[in-house]
Structures are given as structure tokens and as C-alpha cells.
Amino acid sequence: MTGCTRHTVWLLLFIAAQVAGQPECPRYPVSQRNELSRQLTVEREALAWARRASKSPGKSAIARKSFIDEAIFAKMEADGVASAPLSDDATFLRRVSIDLTGQIPTYDRAAAFIEDPRPYKRIQLVEEILNSPAYADQLTLFFANKFQITSGYGAYISPTGRNLFNQQLREFVAGDLAYDSIAREIIGSSGAANQVGAANFIARGWSGDPIQDNWDTLTDRVTTIFLGYKTECVSCHNGRGHLEKINLWLSDRTRREFWRMSAFFSRTEVTGAGSRVPNVSVVDRREGSYTTDYDPAKPGQRPRRSGGPYTPVYITSGVEPQSSNWRQDLGQMVTTDRQFAKATVNYLWAYLFNYGLVDPPDAWDLARVDPKNPPPEPWTLQVTHPELLEQLADYFIQNNYRIKPVIRLLVNSSAYQLSSQYEGTWQPQFTRYFAKHIPRRLSAEEIFDALQTATETGADMAVTGIDRPLRYANQLPDVNEPRTLADILLFLKTFGRGNWIDLPRDSAPGMLQLLYFMNNKEVVFRTGLQVEGSPANAAERLAASSYDDEEVIKRLFVQTLGRYPTPEEAAVVASTVATSNKSGGRREWVENLQWALLNKLDFIFNY
Amino acid sequence: MRTPKNCGNHAAYTRRHFLLGAASVTGFRLLNSHADAQVISSGVTPRNSARTCIFINLDGGPSHLDTFAPKDGPWNPPDADLQQSSGGIVLAGKWFPAISKIAGDLCILKSVQSWEAAHTRAQFYLQTSHSQNPAFATETPHIGAVVSRELGDTAQALPPFLALHAARIQGQAFLGGRQAPMFVTPSRNGLADLGHDYYGASSREVFERKFALLEALNAPLRANPFDSQMADYGDFYSSANRMMYDESVANIFRFNADDEGRYGQSDVGRSLILARNAVRADNGARFISVLSQGWDTHQAQFDPNNVRTNFTLTASALDRAVGALVEDLRSSGHLDKTLIVMMGEFGRTPGDLNAMGGRDHYKEAMAGVMIGGGVRGGRVIGEQDSTGAQIVTPGWRGDRPIQIEDITATIYSALGIDWTKSIADTPSGRTFEYVPYASTAAYFPVDEVFALP
């Protein structure tokens with residue numbers, strides 16, 4: 001550690017100590033003080049871990065910064081799996097920026113970060129990002145993707161209701177409010193969906209007759225979104241004889257157990273659906289239970305139900321409701337269920353590591369997660385690092401179910417910061433060790449936004465019912481927006497945005513995507529092409545600038561790919577420049593280089 | 001021969017699948033690869049009578065009783081006009097006038113059953129010939145991807161597997177990006193983005209220059225991609241480039257108003273025009289999946305005011321398009337080498353319509369049609385009872401109902417593919433059988449559809 005940094009750390013400690021006893025201090029308002037002390041905690045932890053690691057010879061040279069790294073690297077060591085090296089600064093900056101803001105870094109940001117000599121710059125970067133509005137954009141979309149409140153679900157959800165729901169998510173993320181609290185609200189809210197944002201979750205689960213189908217759909221959505229396991233299978237048939245090879249825990253569940261879980265919704269009704277501008281209300285009766293009779297003319301999607309009426313019983317604990325508002329009781333039970341914390345931290349882990357501690361993160365097998373109670377042969381434990389998962393759940397709960405502390409811990413770990421390039425021979429089973437960072441294709445929104453940022457062509461989009469102009473695709477409240485901008489809709493559709501109804505988000509690379517990106521004017525017009533209708537763009541400005549060629553090349557690389565060219569790439573570009581300068585001049589090669597960098601393989605991956 | 005045991009709604013999966021499956025609950029999702037596969041076969045001789053397969057997926061599950069296995073009964077509208085053609089083929093003149101004209105080309109399979117009665121699971125079965133076991137579903141490829149793996153030729157301009165008018169179907173899964181379906185929504189203007197026409201007469205030349213720079217910059221990463229998805233995407237560059245500035249490719253995706261009129265101005269019609277063009281161009285497409293939608297007729301199926309699942313509209317669109325396709329392929333001499341398969345994921349409830357004037361899902365009996373590609377037409381295989389409730393005569397050497405597995409084996413055989421093959425080294429470690437249990441001869445091609453040798 002340099003003397004200067006040590007000084008800074010102690011100064012900050014000093015300030016924190018000073019302000020702790022002076023809540024009224026005008027120079028350091030509470031928010032700033034909290035931030036400082038939070039930052040210091042992270043730094044102190046990192047220091048402690050690094051020190052401990054250096055005292056244990058034989059351990060890998062990668063610093064173990066928290067219990068995450070202890071668990072991840074200890075397991076690799078025990079099983080003789082080598083880890084990838086740490087990613088370099090440029091890669092880390094791009095990775096964490098995309099994951100937590102949905103945006104690639106700008107030239108200024110990247111250049112400053114790469115040149116920044118401070119040893120704790122990664123931690124400081126993470127703090128900056130976590131406090132930025134862009135973090136709220138991206139994490140709001142992360143949660144919005146789970147709830148899928150779209151006005152495309154036209155008979156039940158209006159643009160107003162969807163905006164309200166999205167705004168509520170945004171406030172939850174931006175304010176780092178407690179997830180258990182918003183979860184209870186989402187499960188338990190009633191009222192007019194055009195006035196109560198959270199009530200749109202119930203409206204989204206409604207589809208008409210028979211009413212039991214709606215309750216069942218909502219039950220599956222609640223277990224999937226909040227608890228990490230699907231229960232849809234047992235809404236149609238018992239697990240036995242069906243699910244033995246799929247999910248051990250579900251193979252023991254019965255349809256009756258499912259109906260009892262679903263009974264938590266059985267006093268709920270949705271009225272007023274179907275008009276052109278839906279104005280639905282979520283209403284709870286004070287009595288009633290899960291009946292199994294239905295209009296034979298409207299049998300619905302599931303086989304006939306039998307017996308009943310059923311009263312609610314929570315599917316894992318066997319607990320029954322305490323009040324007459326069963327739905328609110330369910331919200332209480334779900335959010336105090338430890339599985340809620342475990343599923344949530346695992347969803348966050350899977351999002352950042354591109355592979356869950358339990359994977360897929362929405363398909364937990366509850367009979368295969370406890371190492372003290374292992375599943376019978378030939379089943380294996382589903383969770384890769386059981387103790388780590390428990391520790392993360394504890395951490396989440398101790399932090400009052402706030403998301404940001406968990407994300408901070410995850411992205412500050414060395415495990416998250418490993419390179420995607422593996423130096424030895426990669427074996428498929430290393431995935432479960434997290435021995436390298438697994439790349440992912442950018443989402444549709446991220447590709448569009450990266451294109452705007454790289455070419456400096458961002459333009460505002462108007463969305464019905466939202467006052468502020470939206471600049472980035474990840475700020476859109478619904479996957480059917482921006483409804484008036486057909487070109488952007490096509491762009492996002494091409495890259496698999498999905499529709500939040502029956503077309504899932506799809507991140508598989510496709511050839512038509514490549515044809516589109518190479519040739520569509522939505523991309524090509526932003527590369528310096530001299531043609532009517534093209535927006536002012538970075539390539540055009542750079543070509544006309546007074547920078548020398550080398551500087552122009554460097555800037556194009558950094559603002560498009562977030563890094564400097566490799567010597568190999570610099571040589572390729574130099575020969576292009578030499579040829580072009582003889583024929584079309586600088587304007588020509590800048591345009592060609594901008595286009596090539598946008599179409600380069602690494603542009604659409606987060607690696 | 002072993003009769004496969006069918007457990008509940010699901011396929012004949014047994015202990016073996018269970019063991020192999022459970023032992024390998026690892027992260028195959030991320031581990032796609034197209035490395036040299038370890039392939040096993042029990043050695044059979046495929047028929048090899050077709051070059052291309054056009055699979056018309058009747059999405060939603062058409063009523064066999066109202067389409068290809070009609071019976072006299074009070075459920076028929078008064079003007080249904082059932083007509084007997086040669087070879088025991090009966091079709092309703094009201095809905096299938098064009099297909100009736102080509103009755104001599106049809107081989108109708110009436111002893112077909114489905115394992116599934118829910119759309120998603122049954123569609124998965126139809127598209128992959130495998131049960132939608134969630135543990136393996138992400139790695140199970142579409143049969144078009146298997147065809148692509150077997151018959152793909154990277155020197156050709158078009159990818160082997162085309163998916164027309166389908167927002168989403170099961171894709172290449174573990175077989176990797178080269179076998180990915182190319183999704184195209186037919187449009188009169190053709191396929192967008194096949195050119196880079198921003199530079200007037202020198203557009204192509206400028207593009208080639210840009211592309212050369214891109215290739216040079218991409219080379220190190222393409223040689224050492226970070227993972228298989230990146231490797232797959234890397235493979236698309238040369239394919240995409242090959243499709244550009246190639247009139248034979250561009251022309252496949254274009255059609256004129258005349259064609260559109262003859263094929264009936266419908267989605268299935270436009271898709272079949274493209275299918276015809278691709279067959280005629282013969283520049284790489286070997287499995288063409290075409291979607292025909294609107295068959296999920298739970299209610300008011302004969303009600304003229306019903307727009308979404310109006311049986312008459314759906315059937316008439318199909319009739320016109322298929323009639324035109326068969327005539328066009330015949331006139332250009334391609335019918336004999338093009339296997340056209342037409343079927344849905346299951347049948348619909350037999351006998352009288354339900355209380356809502358429609359039919360619900362039904363898996364005990366359904367019907368499929370094969371045309372061209374070595375098929376001997378003007379015939380019916382198997383028979384159903386008087387209400388379409390049960391199969392009464394299998395009518396083929398299997399002496400049991402025809403399952404999706406047998407249909408798939410038939411398609412593979414026609415295309416010259418050994419249907420008993422398995423790939424042992426899948427990412428999950430579970431052996432992927434092209435057709436489950438075909439290696440033990442539990443399922444096999446319905447050779448009766450083909451012409452005598």
C-alpha cells in the first residue's frame with residue numbers, strides 16, 4: 001500500500017469516527033457519512049482478508065476478500081482445480097459497468113480508470129456505480145424481468161398500472177429498501193391497479209375462467225419468483241410417477257398440497273378486466289376457500305380438480321393463516337421463509353456469475369440442497385457451495401433484506417473479478433467451481449445502449465405516461481416500448497427482448513442478428529457514414545478532430561470496446577490506415593474501423 | 001420386438017434415463033460445443049429418397065376428425081361435403097378442395113398417437129422426438145438441427161435449417177450454433193440486411209474492405225473464444241457474409257403478388273412460397289419448418305364470427321397453400337425429392353363437438369400426412385373407429401399405433417439419415433439418441449409410406 005493511500009484510509013477513518021457522534025454535522029450529511037463508513041468497512045475487510053491470505057503460504061496469489069472468496073478458492077484448492085487469473089482493470093470496468101448499469105464505460109471513464117494508480121480503485125468504482133442513477137435503471141430492469149408487468153397483457157394491465165409498478169420497483173432499487181417488504185406488498189396488495197402499482201402483480205396472474213386457474217398461476221409465480229422453485233407441475237398432477245427423474249422434492253408433492261398452497265389466493269378476485277383501457281380492481285373476500293367446482297363449459301387448462309374445499313397450508317412448513325386476509329398472511333410466510341433469502345441471493349449470484357450456486361436459479365430441488373441430509377444415490381447435491389449459500393442468506397437477512405449490500409459483496413469478491421480466459425485446459429465441470437468468469441451475450445437493451453454510447457448517438461425516447469425523457473433502453477418500463485419508434489422496437493426484437501407474455505427473453509446468438517448489426521442502417525448510420533438522415537456521431541467528430549491518427553485509433557477502441565488495442569490489433573489497423581490514407585483518407589478508415597469494432601465479436605459479449 | 005411402455009402421459013423413459021440423467025445434473029446449459037462427437041449406430045440403411053423435408057407444423061393440434069380422418073356424423077356441418085377419393089382417402093370438399101385434387105399424392109396416416117395432451121410438451125415432442133424432461137430440455141435439439149448436423153454443407157450459401165414464420169421453436173441446443181435454425185418471417189420485400197448498400201455502385205467493394213478489416217481484427221478471438229457461445233457467434237460471420245450479395249439467396253425470400261394470391265395471402269401461404277423457392281434453389285436448405293397456426297379450436301370452431309380459431313379459415317388457408325406448393329414442386333420436377341410432412345402435436349376430442357362448439361385436446365388418436373420425397377401417394381395407413389376415438393387398425397409393420405418417434409425415424413430415413421444413431425459425449429453426459437430407443441428397434445420408420453423399391 002502506498003503512503004498516500006494509507007493516509008487516505010486513516011483520514012476517512014478519522015472522519016467517520018468524528019461524524020459518528022455528531023449527527024448534525026453540516027459538512028458531512030448522514031447519507032455521505034453512511035457511504036464513507038460503508039466504504040471503509042469494505043476496505044477494512046479487504047485488507048484483513050488480503051493480510052490473512054498472505055500469511056497462509058501455498059494459497060493462491062489471488063486475494064481472498066470475503067467469505068465468498070474463502071469458499072470459492074478453498075474448494076478449488078481442495079479439488080486441485082486451478083483458477084483463472086484476475087481480470088485486468090479495463091475488463092473489470094466494462095464487466096461491472098454492464099452488469100450493474102447496463103452501460104459500457106465512456107471514453108473518459110475508461111481512460112481515467114485504466115490510468116488511475118490507486119490500489120483501491122475497484123472498490124471505489126463499485127461505490128460510485130452503486131450510487132449512480134444508472135444502477136437503479138439496470139436493477140429495476142432486473143426485477144421487472146421477473147414480474148413481467150406488461151401492458152401487452154391488455155385485458156388486465158394498462159400503461160398507467162405498469163408505469164406505477166415500474167416506478168415502485170425503481171424506488172425500491174434506488175432507495176435500497178427492504179426486499180421482504182416490497183415482496184409482501186406485491187403479494188398482498190389489493191385495490192385499483194391503476195392506482196396501486198403493486199396490485200398489478202395479481203392482475204398479471206389473471207386470465208379468466210375457471211377462477212382456480214388464476215389462483216394456481218399466481219401460486220406458481222410466487223414460488224418461482226420469490227422462492228426459486230416452480231410448482232406448476234403439481235398444479236396438474238401429483239409428483240409421484242411423474243417427476244422422479246426431474247425434481248426429487250417435487251416428486252413427493254401432491255396436487256392436494258398444491259391446492260392448499262394455492263388456497264392462499266382463493267379469496268382473491270379481479271374485476272373490471274377486458275375493456276380497451278383496463279381498469280381492474282383486486283378484491284379480497286372475507287370468506288371462502290379453494291373450491292374445486294367449475295363451469296363445465298369452461299374447463300380451463302388443467303385437469304379436473306377434486307375434493308375440497310381446501311383451506312390454506314404453506315407448502316413447506318405446514319403453517320396455516322392467522323388472519324382472514326390469507327394473501328397478506330402468505331406474503332408474511334414467504335418472506336420469513338429462509339428459502340426466500342436463499343433464492344434471492346442465488347438469483348443475484350446467478351445474474352452476476354452467469355451460473356447459479358443453484359442452477360438454473362428458478363429450479364431449486366429442495367431435497368438436494370442440505371449437505372447434512374444428502375439425497376439418495378444417484379442424485380447429487382444441487383447446490384455447488386452449500387455453506388456459502390447459507391452465509392450469503394445470513395448476510396442478506398442481517399442487512400435487512402437490502403439488495404445493494406449483497407451486490408457490493410459479490411462484485412468486490414475476487415471470485416467475480418476472475419478473467420474469462422482460462423490458462424489451462426478448461427473442463428465443463430469447472431463451471432461449478434466458478435474457476436473462470438463465464439461470459440454472456442449482452443441483452444437486447446444492453447446492445448442498443450452500448451451502440452448509443454460507443455458512437456455517442458444517444459437520443460431521447462418518449463413513453464406514454466412518463467414525464468422524463470428516457471435515453472437508454474434499460475430505462476423503458478415495458479418490453480413493448482418505445483411504442484412509437486418502430487426502428488428501435490425492431491432492433492430490440494432482433495436481439496431477443498421477448499414480450500413478457502409468451503415469448504421469453506432469448507440471448508442466443510443468431511445469424512440474422514449478425515446480418516442486422518453489420519448492415520442495418522440503425523447501426524451503419526452511426527459509424528460516420530456521409531448520408532442524409534444519419535445522426536451526428538463519434539466517428540465523424542473524431543475524423544474531423546485535430547487528434548493525430550494514433551489518438552483517434554486509441555479513442556475508437558476505448559469508447560467501443562472499453563480497452564486499448566493489442567499490439568496485434570494496432571498492427572492490423574496501421575496497415576488499414578496506410579492503405580486508406582492513399583485512397584479515401586482519414587474519414588474513410590475511421591468509418592471502417594468504427595464499423596469493424598462495433599461488429600467485433602467481443603462487443604456484444606460481457607466477458 | 002418390444003412394445004414401449006408408456007408411463008402416464010410421458011414417453012417410454014425408463015430407469016436407464018433416470019440413472020443417466022440424475023448422475024449428470026451439471027451445468028450443461030453453458031457447455032455447448034460442436035467438437036468431434038462420439039457417435040454410435042446400430043447400422044441400418046436409410047431410404048434416402050428425399051433431399052429436403054418441408055415440415056408443416058399444424059400448431060395447436062388440429063382435429064383429426066375435421067381434417068384428414070373424417071367420418072360421417074352429426075358433428076359435420078351440413079355443407080361439409082365429404083368426398084371419397086382413390087385409395088380410401090376421404091376429405092371434406094368444404095375445406096380441402098385443393099388438397100382433394102392432389103389426393104393421389106397423399107399418404108394419410110390415421111393410426112398416429114401422441115404421448116402428450118398439453119401444447120408445450122406435445123410441441124416439444126413433435127419438434128424433437130423427445131419428452132420435454134426439464135432436466136434435459138435445454139440440451140435436446142430440434143429434429144431440423146439433427147438434419148443440419150447430418151446434411152449441412154458449409155460451402156452452401158443457406159443454412160440447412162430454416163424456420164419460417166416461427167417466433168420461437170426448439171433450436172439447436174447442444175449441437176451448437178452451426179445447426180441453429182434461421183428464423184425468417186416472410187415478407188414481400190424479402191430478407192432485410194442482405195446488402196450493405198450505402199455506397200452506390202461501389203457498395204459491395206466497400207463492404208468487402210470493411211469485412212476484411214473486421215475478419216483481421218476478429219481472428220485472435222475467433223481462434224481462442226472464451227466459451228462455446230462466443231465460438232458459435234464467431235462461426236456466423238462467414239455464413240452471414242456468404243449470404244450477402246448472392247441473388248440466389250435474396251430471391252428465395254422474395255415473392256410477388258401473383259404467388260401470394262395463388263398461395264392464399266396467408267402466413268402459411270407466404271411461408272410455403274419461401275419453402276418452394278428454397279427447394280428450387282437447392283443452395284443449402286435441407287429441413288424447412290413451417291408454422292400453420294389457429295388449430296387450437298376449443299370453442300365455436302365452425303362459427304363464422306369466430307376470428308381467432310375459426311376452423312374454416314385455418315383449414316382453407318392450409319388447403320390453398322399446400323395445393324399450390326405441391327403443384328409448383330411437381331411442375332419444376334422437385335416433388336419427388338421433397339418430403340412434405342403435415343401434422344400437429346395431438347388430435348382433438350372425437351365425436352360430437354363440446355358444449356362450446358369446439359374440440360379439446362386428445363392424444364389417443366390423430367392423423368398426419370406425407371407427400372412427395374419417395375412417398376407412394378393415394379393411400380391411407382391405419383384406421384380409426386367411427387367417431388375418431390380410437391385406433392382400430394395400425395395398418396403397418398409395427399402393428400401398434402404410430403408414435404412421433406416413428407414419424408421422426410421415417411423423416412430421417414427419407415433424408416438418408418441413420419435414425420439409430422446416438423451421440424454419447426453430450427455436455428450432460430447423457431447419450432442423445434436421434435430417436436429414443438430406435439437402436440433397440442422399439443421405434444422405426446413407417447416404411448409403408450414409401451413406394452415399393
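Lettering of chains follows the sequences in order, A, B, ..., and the numbering in each one begins at 1.
Take A:T494 and apply the side-chain contact (heavy atoms from CB on, under 4.5 Å) test, not counting sequence neighbours, and it matches A:L490, A:Q513, A:Y516. Remark: B:N218 pairs with A:K600, A:L601, B:L214, B:R222, B:Y237 by the side-chain contact (heavy atoms from CB on, under 4.5 Å) rule, at least two apart or across chains.
Contacts between B:F211 and chain A at a heavy-atom distance below 4.5 Å involve backbone atoms as well as side-chain atoms. For A:F517, no part lies under 4.5 angstrom from a heavy atom of chain B. Interface remark: A:V524 contributes side-chain atoms only to the contact with chain B (heavy atom separation under 4.5 Å). For chain B, no part of A:N247 is nearby; none of its heavy atoms comes within less than 4.5 Å. Contacts between B:M230 and chain A at a heavy-atom distance below 4.5 Å involve backbone atoms as well as side-chain atoms.
What you find for A:A596 and B:L217 is that their closest heavy atoms are CB-CD1, 4.1 Å. Annotation for B:A240 and A:M511: closest pair N-SD, 3.6 Å, computed over non-hydrogen atoms. Closest of all the heavy-atom pairs between B:H196 and A:M518 is CE1-O, 3.0 Å. The two atoms that bring B:Y198 and A:N519 nearest to each other are OH-O, 2.5 Å, heavy atoms only. Contact between A:S420 and B:F226 at its shortest, heavy atoms only, is CB-CD1, 3.9 Å.
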*Assess whether side chain to side chain contact (heavy atoms under 4.5 Å, CB included) is satisfied between A:L515 and B:F236, documenting all intermediate values.*
CA-CA 9 Å; A:L515 280 170; B:F236 291 144; over 6 Å; no

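For the options A:P504, A:A508, A:P565, heavy-atom pairs under 4.5 Å to chain B are most numerous at A:P504. Taking A:Q530, A:K521, A:K436 one by one and counting their heavy-atom pairs under 4.5 Å with chain B, the maximum is reached by A:K521. For chain B, the option among A:I604, A:T384, A:L248 with the highest count of heavy-atom pairs below 4.5 Å is A:I604. If you tally non-hydrogen atom pairs under 4.5 Å between each of A:L597, A:N599, A:T566 and chain B, the highest count goes to A:N599. Top candidate by heavy-atom pairs under 4.5 Å with chain A, chosen from B:P159, B:G195, B:A118, B:A192, is B:G195.
Residues A:L514 and B:Y233 form a side-chain contact, since some pair of their non-hydrogen atoms from C-beta on lies under 4.5 Å apart. At a threshold of 4.5 Å between non-hydrogen side-chain atoms, the residues B:R209 and A:E588 count as touching.
A 6.0 Å sphere centred on CD of A:E232 holds no more than 12 heavy atoms belonging to other residues, nucleotides or ligands.
Distance check, rounded to the nearest 0.5 Å: CD of B:Q229 to CZ of A:R440 gives 10.5 Å. Note that CG of B:D227 and CD1 of A:I438 are 8.0 Å apart. Values are rounded to the nearest 0.5 Å. The line from CG of B:L221 to CD of A:E569 is 9.0 Å long, rounded to the nearest 0.5 Å.
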